[in-house]
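Throughout, a chain's letter reflects where its sequence line sits, starting with A, and its residues are numbered from 1.
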Amino acid sequence: MAHVSVPMYWRTIPQRYKMIGQKCKKCGAVNFPPKGVCKYCQTSSEFEEVQLSGRGKVHTFVLISAGGAPPEFAEQEKAGGQYPVAIVQLEEGPKMIGQIADVDPKEVKIDMPVKAELRKIYTEEEVIRYGFKFVPG
Amino acid sequence: MKKVAIVGAGQSRYGDFPDKGIKELFFEAYKDMNASVDKGLDPKVIESAYIGNLGSGGFQLGNMSALVTEYCGLTHINTMRIENACASGGYALVAAVMDVMSGTHKAVLAGGVEKMTDVSGIKQKYWLGVSGDTEYERLAGTTFSGLYALIAQRHMYEFGTKREHLSMVAVKNHKNGAQNPKAQFQREITLEQAIKGPIVASPLNLFDCCSTTDGASAVLVCDAEMAKQFTDTPVYVTGFGTASDFLAIHDRANTTTLEGTRRAGAMAYKMSGLTPKDIQLAEVHDCFTIAELLAYEDLGFCEKGNAGPFIEEGHTQIGGDKPVNASGGLKSKGHPIGSTGTGMAYEMFNQLRGTVQKPTRQVKGAEIGLIHNVGGSGGTVAVTVMRR
C-alpha cells in the first residue's frame with residue numbers, strides 16, 4: 001500500500017516541516033532528502049545539518065488530472081481540478097518533488113522561480129498531514 | 001560457464017478474466033509452453049522455477065511461486081518468487097539464465113503472473129504506484145503516470161520532442177497489437193484519437209498509458225548442450241544485463257535518461273559481443289509512450305534526444321530497419337506486471353523462430369533480438385539479448 005502511516009510520517013518531520021538537508025563533510029554537496037551515504041561522492045556518510053532556503057526553479061512539471069491522482073489526493077482534484085506537481089531545482093543543489101500551489105496550472109513553466117511553504121498535504125487516518133508545497137516567487 | 005538456450009515459450013491470453021486466478025492463468029501459460037517444445041517435454045526434467053510477480057493485489061504475498069508451480073504438477077523443485085516491480089519477469093528470466101550458466105540446474109522455468117482486475121479501482125491505485133520513492137513522490141500527489149509525465153515534459157523541453165511523437169508510439173503499438181490474438185486490446189487507433197485522448201497527467205493522456213491486465217507467461221531455459229533434445233531450432237541467450245538507479249526521479253542527475261537501461265543494455269551488449277546496430281528487433285518497456293522513446297535512446301538505437309524523429313521516420317515499425325514492440329507492447333498487448341518480462345521473451349522466441357501466430361506481425365528473417373524490462377520509473381532494469 002502506498003499508505004504512509006503516522007509513525008512513518010513522524011520520522012520525516014525534519015524534512016517535511018523544516019527542509020533540513022545534509023551537507024557532506026567530504027565533498028560539500030547537499031543531499032535532500034537524507035541518504036545513508038552521500039549520493040554525489042558515494043563515499044562519505046558524515047554530514048552536517050543545513051537549513052535549506054526552499055527557493056529554487058521548476059526543473060520539470062506535470063498537471064495531474066483525475067485519472068492520474070492517487071486516491072488520497074482525489075478529493076483535492078475533485079474540488080480544485082488538475083493540480084501541478086514539479087521537480088524543483090533547489091538553490092543549494094538538490095532537486096526535490098512537490099506540488100505547486102497558488103498558481104493557475106496553465107501558468108506553470110520550466111525555469112519559473114518558486115519557494116517552499118508549509119501547507120496541508122492531505123488528511124488520512126483522521127490526521128492532517130502537513131508538509132511543503134512550492135508557490136511562485 | 002554453461003551456454004544457455006530457450007527451447008519453449010508460452011503465454012496466456014492477456015486481458016480481463018473473471019474466471020481465472022493466478023493458478024489458472026499460470027497453468028494456461030505453462031501448458032502453452034509445454035506444447036511449444038517441438039520434440040515434446042517430460043515435465044520431470046524441470047528442476048527449478050523463477051516466477052516474476054509483484055503481488056497480485058496483495059492476496060498471495062507469501063510462497064506464491066510454490067503455489068503456482070505445485071498447481072502445475074511441479075512439486076518439490078527449487079522455486080522462488082522474483083520481485084522487482086514491473087521488471088519482475090525480466091529478472092526471473094535472468095535468474096533462470098544464471099541458474100543454468102552456473103551449472104546448478106540444467107532445465108529451468110522462468111515465468112511470471114499477475115492478477116490485476118480482481119482489485120477495485122481505488123485499491124488498485126493503493127497497490128500500484130508504490131514502486132517509486134513512495135515517501136516523497138507519492139506524497140507529492142503522483143502515481144506512475146505523473147512520474148513519466150515529469151520525464152516527458154523535460155524531454156520535450158530539452159529536445160523538442162512533440163506531442164505527436166508520443167502518440168506515434170501508441171498508434172504503432174496498437175497497430176501491431178491488433179494482429180496479436182493474445183493481446184488485451186486488438187484494435188487500431190488513429191493519430192488524431194491518440195492525440196486527443198482524455199488527459200491523465202499532462203502531457204500524458206489515456207492513450208499514452210498502458211492498462212491493468214491479467215496474464216501469465218512461461219519460458220523453458222536449458223543448458224545449450226541439451227537443447228537439441230527439445231528442438232532443432234533453439235534460441236540462444238547471448239547476454240544479459242541488469243542495473244538499478246535512484247528510485248526517485250528527483251535524486252537522479254539526469255531526468256531524461258534511464259541510467260538503469262543504459263547500463264543494463266551496455267552489459268548485455270558486451271556479454272553478447274554485439275552493438276546496438278546488430279539488434280534486428282526489440283521488445284521494449286512501453287508502460288507509457290515516453291518510456292518507449294527513452295528506450296530507443298538509452299539502448300543506443302538512436303542518438304540521445306532523437307527518439308521523436310526516429311519514430312516519425314518509421315524505423316521502429318514492422319518493415320522498418322529496427323522494429324520495436326511487434327507484439328503490441330505493454331500499451332496494446334497489456335501489462336500484467338510480473339508476466340511482462342517473460343511475455344517479451346515469449347514474443348522474441350517466436351519472432352526469431354518465425355512462429356508468430358499471424359504472419360502480418362512476423363518480422364521476417366530476424367536472427368538477433370533484444371528484450372528490455374523496466375521496474376517502476378527505472379529503479380530496476382533487465383535486458384536480455386537472444387539469437388537463433
Picking from [options], which has the most non-hydrogen pairs under 4.5 angstrom with chain B?
options                     : result
A:Q99, A:K133, A:H59, A:M96 : A:H59
A:I121, A:T12, A:I87        : A:I87
A:G98, A:P94, A:G131, A:P33 : A:P33
A:L63, A:I64, A:N31         : A:L63
A:P105, A:A86, A:S65, A:P84 : A:S65

Using a strict cut-off of less than 4.0 Å between a Lys/Arg side-chain nitrogen and an Asp/Glu carboxylate oxygen, indicate whether A:D111 and A:K57 qualify as a salt bridge. no

Does a salt bridge link B:D251 with A:K35, judged by any charged N lying under 4.0 Å from a carboxylate O? yes

Assess, by modelled atom type and distance only, whether the side chains of B:H155 and B:E297 contain a donor and an acceptor separated by less than 3.5 Å. yes

Between the side chains of B:N63 and B:S65, does any donor sit under 3.5 Å from an acceptor? no

Could you tell me which portion of B:A152 (side chain, backbone, both or neither) has an atom closer than 4.5 angstrom to a non-hydrogen atom of chain A? neither

Under 4.5 Å heavy-atom distance to chain A, tell me which part of B:S202 shows up: side chain, backbone, both or neither. both

Sub-4.5 Å side-chain heavy-atom contact between [X] and [Y]:
X      : Y      : result
A:D102 : A:R119 : yes
B:F144 : B:C287 : no
B:T161 : B:L293 : yes

Name the region of [X], side chain, backbone, both or neither, that has any atom closer than 4.5 Å to a heavy atom of chain B.
X      : result
A:Y40  : neither
A:I110 : side chain
A:R129 : neither
A:Y83  : side chain
A:Q15  : side chain

Specify which of B:D133, B:V200, B:L206, B:I249 makes the most heavy-atom pairs with chain A at under 4.5 Å. B:V200

Determine whether the aromatic ring centres of residues A:F73 and A:Y122 are separated by less than 6.0 angstrom. yes

Matching residue for B:D286 among B:H335, B:E292, B:K333 - test: side-chain contact (heavy atoms from CB on, under 4.5 Å): B:E292

